[in-house]
Amino acid sequence: MSTHCCPWPGCKQRVPTRMWGCRRHWFMLPGALRRRLWANYQPGQERTGRVSRGYIAAYREVQRWIVDQGRV
């Protein structure tokens, strides 16, 4: 199974590539952002490397939210 580090700044937790981040940080995100990531996730994108523009936009929105909340 392929893994990556949780994208939350400073988190070193390894998670499966199909997951955005670790459980702790996933549930720190507002529900609307979690739903947006899921809505734009395409099953298998971690294997094919074909990530939708919508997922990239949602990912960037999450990163902006983290910074705006002073959680870095």
Side-chain angles (χ1 to χ4, degrees):
M1 171 175 50
S2 226
T3 64
H4 69 98
C5 280
C6 172
W8 194 278
C11 185
K12 302 295 185 206
Q13 180 77 35
R14 305 261 338 146
V15 296
T17 54
R18 70 182 181 281
M19 297 172 62
W20 170 82
C22 71
R23 180 179 173 82
R24 175 176 176 236
H25 291 123
W26 174 252
F27 285 106
M28 288 176 74
L29 298 177
L33 289 177
R34 293 194 314 263
R35 286 188 298 275
R36 185 154 181 224
L37 283 169
W38 271 124
N40 288 284
Y41 173 78
Q42 298 172 350
Q45 71 182 24
E46 66 278 1
R47 288 189 312 275
T48 65
R50 294 187 203 119
V51 181
S52 71
R53 288 182 180 169
Y55 187 85
I56 292 168
Y59 187 95
R60 288 180 178 156
E61 186 177 348
V62 166
Q63 295 308 108
R64 279 192 303 272
W65 180 86
I66 292 169
V67 170
D68 289 349
Q69 299 303 307
R71 305 236 185 199
V72 289

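Along the sequence shown, residues carry numbers from 1.
- Listed by chain and number, the residues in a side chain to side chain contact (heavy atoms under 4.5 Å, CB included) with P30 are L33, W65 (sequence neighbours excluded).
- Remark: C5 engages R14 in a side chain to side chain contact (heavy atoms under 4.5 Å, CB included) (not counting sequence neighbours).
- Between R23 atom CZ and C6 atom SG the span is 13.5 Å, to the nearest 0.5 Å.
- R34 pairs by the side chain to side chain contact (heavy atoms under 4.5 Å, CB included) definition with W26, F27, L29, not counting sequence neighbours.
- Applying the side chain to side chain donor-acceptor pair (under 3.5 Å) test to R64 and every residue at least two apart in sequence or in another chain returns nothing.
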Side-chain donor-acceptor pairs under 3.5 Å in residues 49-57, sequence neighbours left out?
{"unit_1": "S52", "atom_1": "OG", "unit_2": "N40", "atom_2": "O", "d": "3.2"}
{"unit_1": "S52", "atom_1": "OG", "unit_2": "Y55", "atom_2": "N", "d": "3.0"}

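- Using a 4.5 Å heavy-atom threshold, the side chains of R24 and W8 count as separate.
- Considering CZ of R18 and CD of Q45, their distance stands at 12.5 Å, rounded to 0.5 Å.
- The shortest side-chain heavy-atom distance between Y59 and W20 falls under the 4.5 Å cut-off.
- In this structure, L37 is not a member of the same hydrophobic cluster as V15, with clusters built from ILVMFWY side-chain heavy atoms closer than 4.5 Å.
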